[in-house]
Amino acid sequence: MAEKYKKHAILIGCVGKPNAGKSSFLNACTDAKAKVGNYPFTTIDPNQGIAHYSVQCPCKNYGVSDKCRPRYGKCVDGMRYLPIKVLDVAGLIPGASEGLGLGNKFLDDLRSASVLLHVVDVSGNTNEKGEVTKGYDPTRDVQWLQLEINSWIFNNLWKKWKNLIRKHNLTRATALETLHIPLSGYGTRQSVVQRVLDTMGIKEPAHLDQWEKEDVQNFVSEFIKERFPTILVLNKVDQEMADRNICKICEGNSNEHVVPCSALAECFLKKLRQAGLVHYPPGSEDVFTFEDEQEGEQYGEVPLKPLDDKAKTRLEKIKDLVLYRYGSTGVQEAINAAVEHKKMIPVYWVRNLNTFQCDRSDGVFRDCTLVKEGTSVREVFNMIFPEQHNTLAFIEDISQRRVGELEQVTAENNIFKFSIAVVSQEKSGAQ
């Protein structure tokens with residue numbers, strides 16, 4: 001991923017108790033090789049990898065899919081895969097905010113995450129510490145993980161509260177200014193704190209010096225919803241007790257984003273695809289084999305190889321228990337849900353609005369990045385060309401209409417041409 005886009009990119013944090021399948025999920029959604037084991041704290045230091053957010057590429061709408069050659073990520077049959085960084089941190093157990101397990105090391109690893117994927121073992125075969133058991137209720141995992149994150153942030157804030165209030169009164173600062181100071185360590189901008197205050201209906205004067213402990217706890221709860229939104233990834237759906245536990249979790253978390261998932265199934269399908277044994281588009285319920293090609297058309301440039309009996313049996317089981325029941329393995333769906341929950345929009349920029357070329361090559365729609373909903377086209381330009389922010393002449397959209405700098409990017413209008421003003425050396429020297 002290009003360095004100039006990194007500070008604008010989102011980072012997905014993969015969290016959960018030990019042995020829930022976080023490392024398997026990372027291996028499934030990225031090309032990482034995270035250590036996997038059937039014991040607690042397999043992951044000590046954070047593992048990282050690049051996953052891909054999938055969205056329909058404009059090359060398909062304009063009939064130029066054969067020329068689409070992305071500079072970053074890939075485009076497969078008109079589906080664009082944009083790189084997204086994923087972080088898998090060490091397993092969390094109850095009491096982590098008080099130092100149990102790997103304690104605050106785990107929590108500190110989350111500071112840079114934009115959105116969390118909470119991987120939950122819905123099989124009921126691991127307890128709250130990640131130890132092998134039978135009949136465990138995974139609804140408890142959903143509850144205590146949020147409590148641990150809440151306790152971590154609240155304890156840090158409450159320890160500083162008296163000093164914060166003293167400084168707040170002396171400087172006559174606003175609630176936004178005062179609350180942003182201790183929360184900036186979580187990668188928090190003032191706009192995030194302002195949205196929390198707006199949600200709670202808190203206006204100036206906020207009288208922070210009159211806040212009780214309960215008021216601070218309520219503020220922290222709302223802050224976590226805004227700063228660390230969470231998608232529940234219900235892993236191991238192909239296990240015996242999974243259906244019952246999925247229903248219980250969905251009933252108790254109707255407002256949460258929930259994605260059924262089998263990370264190991266995705267890992268297996270990836271392995272078959274890389275070996276040339278199946279044709280499997282990520283996030284699809286369709287898996288095509290050698291036998292399918294014999295009955296119809298070839299799915300790739302190279303013919304598929306036949307599966308052995310063992311692989312056939314496992315593939316049929318995955319189809320029955322995962323793909324046909326849930327529509328996919330859930331891995332790609334979870335990544336997409338995380339990106340869409342942050343309201344990110346893909347934006348493309350080209351040099352030629354007729355051919356969609358971006359440079360002297362014949363490739364089209366080569367450049368694309370994700371921006372937050374509400375981003376103006378001027379902000380996109382500054383993001384892409386940070387050293388040329390004073391050279392913008394005008395901006396055109398796909399209809400070749402000149403757009404105002406403050407016009408916002410939308411999912412329907414997200415292809416632009418940025419025209420640069422030529423500044424002579426004589427003029428630039430005078431400036």
Side-chain angles (χ1 to χ4, degrees), residues 14 19-38 42 47-55 65 70 73-84 86 88 117 119 121-123 233-240 242 259-337:
C14 198
N19 213 10
K22 300 186 309 301
S23 295
S24 294
F25 182 86
L26 184 75
N27 292 338
C29 70
T30 73
D31 290 329
K33 300 297 180 185
K35 187 178 179 182
V36 177
N38 190 28
T42 307
N47 294 307
Q48 298 183 15
I50 299 297
H52 291 88
Y53 168 62
S54 63
V55 63
S65 296
K74 57 187 176 182
C75 182
V76 181
D77 298 328
M79 185 63 69
R80 191 72 167 237
Y81 293 89
L82 301 170
I84 300 291
V86 181
D88 163 36
L117 291 179
V119 180
D121 178 359
V122 293
S123 70
V233 180
L234 308 186
N235 194 29
K236 306 182 185 180
V237 296
D238 52 345
Q239 300 297 309
E240 186 178 349
V259 180
C261 173
S262 175
L264 286 180
E266 181 70 20
C267 288
F268 179 68
L269 293 174
K270 278 180 62 177
K271 186 177 179 180
L272 294 183
R273 183 179 63 216
Q274 291 166 355
L277 296 167
V278 300
H279 174 74
Y280 168 62
S284 171
E285 67 174 318
D286 297 319
V287 181
F288 301 100
T289 63
F290 171 80
E291 286 77 10
D292 295 319
E293 279 197 336
Q294 298 304 300
E295 297 176 2
E297 61 180 313
Q298 186 173 309
Y299 294 101
E301 295 180 2
V302 179
L304 295 174
K305 294 179 283 188
L307 293 163
D308 60 31
D309 291 341
K310 185 177 179 181
K312 279 184 182 179
T313 301
R314 186 173 178 188
L315 178 57
E316 288 304 315
K317 186 177 180 181
I318 288 173
K319 286 181 177 180
D320 290 340
L321 297 179
V322 181
L323 299 181
Y324 296 157
R325 185 173 296 186
Y326 298 103
S328 74
T329 64
V331 172
Q332 185 64 58
E333 185 181 349
I335 296 297
N336 285 5

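Numbering of residues begins at 1 and proceeds along the displayed sequence. Note that the structure is predicted; figures quoted are calculated from it, not measured.
In this structure, Ile335 and Leu117 have side chains that are in contact, with non-hydrogen atoms separated by less than 4.5 Å. Counting only heavy atoms from C-beta outward, the side chains of Thr329 and Cys261 never approach each other to under 4.5 Å. Looking at Val287 and Leu269, their side chains come closer than 4.5 Å, going by heavy atoms from C-beta outward. The side-chain heavy atoms of Phe288 and Val278, taken from C-beta on, include no pair separated by under 4.5 Å. Side-chain contact check for Ser262 versus Lys236: every heavy-atom pair is 4.5 Å or farther apart.
Counting only residues at least two apart or in different chains, side-chain hydrogen bond (donor to acceptor under 3.5 Å, both in side chains) contacts with residues 276-295 comprise Glu266-Tyr280, Thr289-Glu291, Thr289-Asp292, Glu291-Lys312.
Lys319 pairs by the salt bridge (charged side-chain N to carboxylate O under 4.0 Å, His left out) definition with Glu316, not counting sequence neighbours.
A distance-only check finds no donor-acceptor pair linking the side chain of Asp31 to the backbone of Ile50 [under 3.5 Å]. The closest donor-acceptor contact from the side chain of Lys305 to the backbone of Ala275 lies under 3.5 Å. In terms of modelled atom types and a separation under 3.5 Å, the side chain of Asn235 and the main chain of Ala263 share a donor-acceptor contact. Judged by distance alone, with hydrogens and angles left aside, the side-chain atoms of Lys270 form a donor-acceptor pair with the main-chain N or O of Thr30 at under 3.5 Å.
For the atom pair Lys317 NZ and Leu323 CG, the distance stands at 13.5 Å (nearest 0.5 Å). Note that CG of Asn27 is 12.0 Å distant from NZ of Lys22, once rounded to the nearest 0.5 Å. The line from OG of Ser54 to CE of Met79 is 5.5 Å long, rounded to the nearest 0.5 Å.
Across all non-hydrogen atoms, the minimal contact from Val119 to Gly21 is CG1-C, 4.1 Å. Smallest separation of non-hydrogen atoms from Val259 and Gly330: CG1-O, 3.5 Å. Taking each heavy atom of Leu26 and Gly49 in turn, the nearest pair found is CD1-N, 4.2 Å. Closest non-hydrogen pair, Gln332 versus Pro282, comes out as OE1-CB, 4.0 Å. Nearest heavy atoms, Tyr53 versus Asn336: CD1-OD1, 3.2 Å. Listed here is the closest heavy atom pair of Phe268 and Leu315: CE2-N, 4.1 Å.
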Does Tyr81 form a side chain to side chain contact (heavy atoms under 4.5 Å, CB included) with Cys75? I'd like the steps, not just the answer. CA-CA 6 Å; Tyr81 293 89; Cys75 182; over 6 Å; no

Taking it one step at a time, do Val237 and Tyr326 satisfy side chain to side chain contact (heavy atoms under 4.5 Å, CB included)? CA-CA 9 Å; Val237 296; Tyr326 298 103; 3.7 Å; yes

List the steps and the verdict of side chain to side chain donor-acceptor pair (under 3.5 Å) for Ser65 and Asp77. CA-CA 7 Å; Ser65 296; Asp77 298 328; over 6 Å; no

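Each of Asp308, Leu304, Leu307 was scored for a side-chain contact (heavy atoms from CB on, under 4.5 Å) with Leu277, with one residue passing: Leu307.
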